[in-house]
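Input: a single structure, listed below in structure tokens.
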Amino acid sequence: MGRRKGGNKALAPSGQKTSPDADGMNLDGGKEQEEAPEVVAIEEKAESSNLEDSPLIGSDKTSADYYFDSYSHFGIARSLSLIHKPFSARLLASSRKRREMLKDVVRTKTYQNVIYQNSFLFKNKVVLDVGAGTGILSLFCAKAGAKHVYAVECSLMADMAKEIVQTNGYSNVITVLKGKVEEIELPVAHVDVIISEWMGYFLLFENMLNTVLYARDKWLNNNGIVLPDKASLYLTAIEDAEYKEDKIEFWNNVYGFDMSCIKKQAMIEPLVDTVDQNQIVTNCQLLKTMDISKMAPGDVSFMAPFKLVAERNDYIHALVAYFDVSFTKCHKLMGFSTGPRSKATHWKQTVLYLEDVLTICEGEAVVGSLTVEPNERNPRDVDIMLKYSLNGQHCQVSRTQHYKMR
């Protein structure tokens, strides 16, 4: 997945700058540093897409069977064959993914700063680390003075986490439990803190949010806290002619042959990639904020209206979703953004390509709604329905599109 640099800007006034993301601030109140991630303060057509006619949409294949031990690739590139590989190959795949996450400075340093700079939240407290992986968050908590940390990890990495804990001298503080949160029993009746890095691509793809909520309802003290406790999903629109032409329109004519059936599949599956901020054409709108300390599992399904107003004359080829995460129980608000104007993370952004190319003038608006819900067969997958319309000077469009994150 390549980094875009923007394409056709024929309609855009030369030298015009784009406006910033949703209103935000730097956590340390100064210029951006590597160890100080950013936080966000919080022609005419009318038809429905026929993308659901794709033969792959009804496929029984989902990500459920290989999520835990082969969480190393995304989208079409992810291979079910990993589940048939020997232990060493599966562990290597898992290790590569964990390495990518640990080397994500925005992600890892934010958690480290939250824990170290707010040790009062952890001192002499019992902590539950949901989806502990290598145990890095558990180690942070132990170093910050936690009374005991229970690190729950379902994948093969649990065995490595036990060794890591022992190697670093925290075996008396950290207990690694291998298994699913929904199936294990803790040695204690309650915990004071639940910490987890549960977020997935598009916030909700292959996430562990329902597992965190299960742990919260079963073990968290009445005055306990969940970290992070807020997550917000945003939407904006971009110009992306060059990339769309190369990756999607390509299938219309492949050496003289029509392979547009592959184009349909490519349109259905959102693309996870890094978007250049100069491609942003409209404002960025908040779609949904989730309060992890209070929400119910069913709240991950939602419908949110949006109105994206063009900030310059340009074309729109796709909508882009990203999320922010906040830790509001700290001395001061802390968190990070995965938006195009923030430092890049391994979550990147999620690109929803439109069937139409929208010609839009400054001040005109794309209005519509985004409906998001877990897939019925595998709740870790996400079904998305996008409704959008534009009634502009040069373009009038109304359409519904469906996307499947698998």
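Starting from 1, each residue takes its place in the sequence as its number. Side-chain atoms are counted along with the backbone in the values below, which use heavy atoms only and exclude waters and symmetry mates.
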Determine yes or no for a side-chain-to-main-chain donor-acceptor pair under 3.5 angstrom, with Glu239 supplying the side chain and Tyr315 the backbone.
no
For Asp299 and Met295, indicate whether the former's side chain and the latter's backbone hold a donor-acceptor pair under 3.5 Å.
no
Hey, does the side chain of Asp104 reach the backbone of Val106 with a donor-acceptor pair shorter than 3.5 angstrom?
yes
Kindly indicate whether the side chain of Phe122, heavy atoms from C-beta on, has any atom under 4.5 Å from the side chain of Val193.
yes
Any sub-3.5 Å donor-acceptor pair from Arg380's side-chain atoms to Pro374's backbone N or O?
no
What are the two closest non-hydrogen atoms of Leu177 and Pro187, and how far apart are they?
CD1-CD, 4.4 Å
State whether the side chain of Ser301 and the backbone N or O of Glu373 hold a donor-acceptor pair below 3.5 Å, judged by distance alone.
no
Could you tell me if the ring centre of Phe327 sits under 6.0 Å from that of Tyr111?
yes
Heavy-atom pair with the smallest gap, counting every atom of Ala189 and Trp219
O-CD1, 3.5 Å
Tell me whether the centres of the aromatic rings in Trp347 and Phe336 are closer together than 6.0 Å.
yes
Check: Gln401 and Tyr388 side chains under 4.5 Å, non-hydrogen atoms
yes
Salt bridge Arg406-Asp383, side-chain N to carboxylate O under 4.0 Å:
yes
Check whether any side-chain heavy atom of Thr211 lies under 4.5 Å from a side-chain heavy atom of Tyr214, and answer yes or no.
no
Heavy atoms only: give me the nearest Ile268-Pro270 pair and the separation to one decimal.
O-CD, 3.2 Å
Has the side chain of Asp324 got a donor or acceptor atom that lies under 3.5 Å from a matching backbone atom of Ser232?
no
Determine whether a donor-acceptor pair (N or O, by modelled atom type, separation under 3.5 Å) exists between the side chain of Gln349 and the backbone of Val275.
yes
Matching residue for Asn207 among Leu203, Leu204, Asn210 - test: side chain to side chain contact (heavy atoms under 4.5 Å, CB included):
Leu204
Check whether any side-chain heavy atom of Met405 sits under 4.5 Å from a side-chain heavy atom of Asp381, and report yes or no.
no
Salt bridge Asp159-Lys178, side-chain N to carboxylate O under 4.0 Å:
yes
Rounded to the nearest 0.5 Å, the CD1 atom of Ile316 sits from the CD1 atom of Ile280 at a distance of 11.5 Å
Going from NE2 on His148 to OG on Ser138, what distance comes out if it is rounded to the nearest 0.5 angstrom?
9.5 Å
So, for His317 and Asp240, which heavy atoms are closest and what is the spacing to 0.1 Å?
ND1-N, 2.9 Å
Qualifying residue for side chain to side chain contact (heavy atoms under 4.5 Å, CB included) with Leu121, from Asp192, Ile225, Ile115
Ile225
Spacing of CZ belonging to Arg216 relative to CG belonging to Leu213, to within rounding of 0.5 Å:
4.5 Å
Apply side-chain contact (heavy atoms from CB on, under 4.5 Å) to the pair Met303 and Met385, showing each step before the final yes or no.
CA-CA 9 Å; Met303 188 280 290; Met385 180 174 69; over 6 Å; no
Indicate the atoms forming the closest heavy-atom contact of Leu319 with Ala237, along with that distance.
CD2-CB, 3.6 Å
Short question: side chain of Lys244, backbone of Leu354 - any donor-acceptor pair under 3.5 Å?
yes
In Å and rounded to the nearest 0.5 Å, what is the CG to CG distance from Asn118 to Asn113?
9.5 Å
Start with the C-alpha distance between Val127 and Ile195, add both sets of side-chain angles, then the distance that settles side-chain contact (heavy atoms from CB on, under 4.5 Å), and finish with yes or no.
CA-CA 7 Å; Val127 179; Ile195 192 166; 4.0 Å; yes
Checking Met199 against Val325 for the side-chain contact (heavy atoms from CB on, under 4.5 Å) test, could you report, in this order, the C-alpha distance in whole Å, the side-chain angles of both residues, the deciding distance, and whether it holds?
CA-CA 9 Å; Met199 300 78 70; Val325 169; 3.9 Å; yes
Say whether, by atom type as modelled, one donor and one acceptor occur between the side chain of Thr338 and the main chain of Phe323 under 3.5 angstrom.
yes
Val149 side chain reached by Thr175 side chain, heavy atoms, under 4.5 Å:
no
In sequence, state the C-alpha distance, the side-chain angles, and the governing distance for Phe202 and Val382, and then conclude on side-chain contact (heavy atoms from CB on, under 4.5 Å).
CA-CA 9 Å; Phe202 187 68; Val382 180; 4.2 Å; yes
Can you give me the closest heavy-atom contact between Thr400 and Lys387, atom names plus distance?
OG1-CG, 3.5 Å
Taking Lys263 first and then Glu249, would you say they form a salt bridge - that is, a charged N and a carboxylate O separated by under 4.0 Å?
yes
Taking CD in Gln166 as the centre, count heavy atoms belonging to other residues, nucleotides or ligands within less than 6.0 Å. Is the count above 12?
no
Can you see whether Glu245 engages Tyr243 through a side-chain donor-acceptor pair at a distance of less than 3.5 angstrom?
no
Would a distance-only check, ignoring hydrogens and angles, find a side-chain to backbone donor-acceptor pair under 3.5 Å from Thr236 to Asn283?
yes
Counting the benzene-type ring for Trp, do His331 and Phe120 have ring centres under 6.0 Å apart?
yes
Under a 4.5 Å cut-off applied to non-hydrogen side-chain atoms, are His394 and Glu364 in contact?
no
Side chains of Asn252 and Ser260: is there a donor and an acceptor less than 3.5 Å apart?
no
Kindly indicate whether the side chain of Val212, heavy atoms from C-beta on, has any atom under 4.5 Å from the side chain of Val226.
yes
When rounded to the nearest 0.5 angstrom, what distance separates OG in Ser171 from CD in Glu163?
10.5 Å
Rounded to the nearest 0.5 Å, the CG atom of Asn375 sits from the CD1 atom of Ile384 at a distance of 11.5 Å
Under the salt bridge (Lys or Arg N to Asp or Glu O under 4.0 Å) rule, what do Glu269 and Lys404 come out as? Steps first, then yes or no, please.
CA-CA 5 Å; Glu269 296 186 359; Lys404 314 278 186 179; over 6 Å; no
Hey, are the side chains of Gln285 and Leu308 touching, using non-hydrogen atoms and a 4.5 Å cut-off?
yes
Would Thr282 and Glu311 count as a side chain to side chain donor-acceptor pair (under 3.5 Å) here? Give the steps.
CA-CA 5 Å; Thr282 70; Glu311 296 173 343; over 6 Å; no
